[in-house]
Amino acid sequence: MEERILSGKKNGMPVLLLTLALYIAAVAGVIFGAMRIDGGRGPLLFIVSMAYVTLGWIPLCGLKVVGPQEALVLTLFGKYYGSIKENGFYFVNPFCTAVNPAAETRLNQSGDVDNPSKKNQLTGQNGAQTAAQHSSKKISLKAMTLNNSRQKINDCLGNPVEIGIAVIWRVVDTARAVFNVDNYKEFLSLQCDSALRNVVRLYPYDVAPNVDTTGDGVADDGSLRGSSELVAERIRNEIQSKVAMAGIEVVEARITYLAYAPEIAAVMLQRQQASAIIDARKMIVDGAVGRVEMALERLNENQVVTLDEERKAAMVSNLLVVLCGNHDAQPVVNSGSLY
């Protein structure tokens, strides 16, 4: 379906003024004709004026007002008539009908596709205005945000993770959005869920050995937590490839929430803590060994004391205990002989 733009029909105001003027003239003709019917004159004027009063409102149905970043898709007797995408006051064929299958579907910041029945729950003036706004047949061309609900997905290692994304999107081809899919908003939401699942299952939550996330056969350091920008761009490309047929452009996709699923979160936290403790211990031991080596070298250089191998081993053992211990060492003063 090729989009056809109607850009040369900004005649709304002249048609409105002309129609109102003719309507006033027709009302005056009805009154004047009725006054002259008794005398046998004026029946033709009365009939013509009455006919226009009865049918003269039809041209008013062809008046269309389109605001900035809005569009109208029009059909005429079942055929695609054209799209209005530029703001202005238009006059089109009065028998044209505006089409928007997603008019009753609302994608809000919570990310869910609202049920049209929820509209009945809106109360008060704000609720009435919101319901009227969403029932409009106009298609918004603004950049909109879809924040889909969090999904539980298994990563490439089989660990269940919860992840949510925010997608910035807009309609660029109104004809495709209306005629190529049944409901372009629901179609986008479902494709976002599918693309998110397809991409997340290729990555581990954290960096893991021997994992190929790019598909080139070489293990890499890609992960959901450490490569969020790359993962988000890959999700965006995946969504765009699916929704191009619906005339939708995906501007950006961002990961808004990422965590292990509740059933394994505690175990994974203990695993991360254990890994951090091991790394810290390794650093402490490396530093302690370096300090012991430096102490022995300084003692030998300055010839402060001469130690045999047994005493060196004892000194090394004591220094490592002091430097690698979890608590501050309690000094013991030896007032006797070293030997």
Side-chain angles (χ1 to χ4, degrees), residues 1-19 55-108 113-116 119 130-146 167-195 236-251:
M1 178 66 69
E2 295 294 333
E3 186 179 45
R4 184 165 60 251
I5 306 298
L6 303 178
S7 58
K9 296 181 178 296
K10 290 186 178 182
N11 302 318
M13 186 58 67
V15 172
L16 175 62
L17 296 178
L18 178 61
T19 302
L55 303 176
W57 54 270
I58 294 180
L60 298 178
C61 297
L63 300 176
K64 307 292 183 183
V65 178
V66 179
Q69 294 297 314
E70 291 181 344
L72 274 177
V73 177
L74 303 175
T75 59
L76 180 62
F77 303 125
K79 293 184 179 181
Y80 176 51
Y81 183 77
S83 300
I84 300 175
K85 300 180 70 173
E86 186 179 353
N87 62 297
F89 192 15
Y90 291 82
F91 175 75
V92 296
N93 192 314
F95 298 100
C96 285
T97 304
V99 180
N100 183 8
E104 300 295 334
T105 302
R106 181 162 57 93
L107 297 180
N108 53 23
V113 180
D114 286 352
N115 192 322
K119 186 177 64 175
T130 304
Q133 178 181 0
H134 292 303
S135 62
S136 174
K137 295 298 183 179
K138 296 178 182 178
I139 298 175
S140 176
L141 303 179
K142 302 175 184 177
M144 292 176 283
T145 301
L146 169 62
V167 178
I168 310 299
W169 64 282
R170 63 185 177 185
V171 176
V172 294
D173 192 312
T174 56
R176 290 185 179 182
V178 171
F179 300 113
N180 283 9
V181 294
D182 182 60
N183 187 317
Y184 63 90
K185 291 184 179 180
E186 292 182 354
F187 179 77
L188 172 65
S189 179
L190 294 176
Q191 292 300 329
C192 287
D193 292 342
S194 176
R236 190 199 74 82
N237 294 335
E238 179 80 10
I239 299 173
Q240 182 62 67
S241 65
K242 301 297 183 181
V243 301
M245 62 173 294
I248 296 175
E249 177 188 4
V250 180
V251 180

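Note: hydrogens, waters and symmetry copies are ignored here, and every other heavy atom, side chains too, is used. All of these numbers come straight from a predicted model, not from anything done at the bench.
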| task | Give, for atom OG of Ser241 and atom CD of Gln191, the distance between the pair rounded to the nearest 0.5 Å. | result | 8.0 Å
| request: Report yes if the side chains of Lys85 and Leu141 come closer than 4.5 Å at any heavy-atom pair, otherwise no. | output: yes
| Atom CG of Leu63 and atom CG of Asn11: how far apart are they, to the nearest 0.5 Å? | 10.0 Å
| Minimum heavy-atom distance Pro94-Cys61, with the two atoms named | O-CB, 3.8 Å
| task | Tell me, with the steps shown, if Val181 and Phe187 meet side chain to side chain contact (heavy atoms under 4.5 Å, CB included). | result | CA-CA 7 Å; Val181 294; Phe187 179 77; 4.1 Å; yes
| task | Quick one: closest heavy-atom pair of Glu3 and Val172, and the distance? | result | OE1-O, 4.0 Å
| request: Tell me, with the steps shown, if Leu74 and Val99 meet side chain to side chain contact (heavy atoms under 4.5 Å, CB included). | output: CA-CA 6 Å; Leu74 303 175; Val99 180; over 6 Å; no
| Counting only heavy atoms not in Lys138, do more than 12 fall under 6.0 Å of its NZ? | yes
| field | side chain to side chain contact (heavy atoms under 4.5 Å, CB included) between Leu146 and Cys192, worked out | value | CA-CA 9 Å; Leu146 169 62; Cys192 287; 3.7 Å; yes
| said: For the NZ atom of Lys64 and the CZ atom of Phe91, what is their distance to the nearest 0.5 Å? | reply: 10.5 Å
| request: Sort out for me which residue in Thr174, Asn100, Thr105, Val243 forms a side chain to side chain contact (heavy atoms under 4.5 Å, CB included) with Tyr184. | output: Asn100
| query | Sub-3.5 Å donor-acceptor pair from the side chain of Asn180 to the main-chain atoms of Met245, do we have one? | reply | yes
| field | Distance-minimising heavy-atom pair for Val251 and Arg236 | value | O-CD, 3.6 Å
| Looking only at heavy atoms, what is the nearest atom pair of Phe89 and Met13, with distance? | CD2-N, 3.4 Å
| message | Nearest 0.5 Å, please: how far is OG1 in Thr19 from CD1 in Ile58? | response | 11.0 Å
| task | Could you check if a side-chain atom of Thr145 sits within less than 4.5 angstrom of a side-chain atom of Val167, using non-hydrogen atoms only? | result | no
| Inter-residue atom distance Thr97.OG1 - Lys137.NZ, 0.5 Å rounding | 9.5 Å
| query | Looking only at atom types and distance, does a side-chain atom of Lys10 sit under 3.5 Å from a main-chain N or O of Asn87, one as donor and one as acceptor? | reply | yes
| task | Return the set of residues passing side chain to side chain donor-acceptor pair (under 3.5 Å) with Tyr90 (not counting sequence neighbours), or none when no residue passes. | result | none
| Where is the tightest heavy-atom contact between Arg4 and Tyr80, given as atom of each residue plus distance? | NH2-O, 2.6 Å
| request: I would like to know whether Glu249 and Gln240 meet side chain to side chain contact (heavy atoms under 4.5 Å, CB included); could you show each step before the answer? | output: CA-CA 7 Å; Glu249 177 188 4; Gln240 182 62 67; 4.0 Å; yes
| message | If I compare all heavy atoms of Asp173 with all of Arg176, which pair ends up nearest, and what's the gap? | response | OD1-N, 3.1 Å
| How long is the gap from CD1 on Ile84 to CD on Glu70, to the nearest 0.5 Å? | 11.5 Å
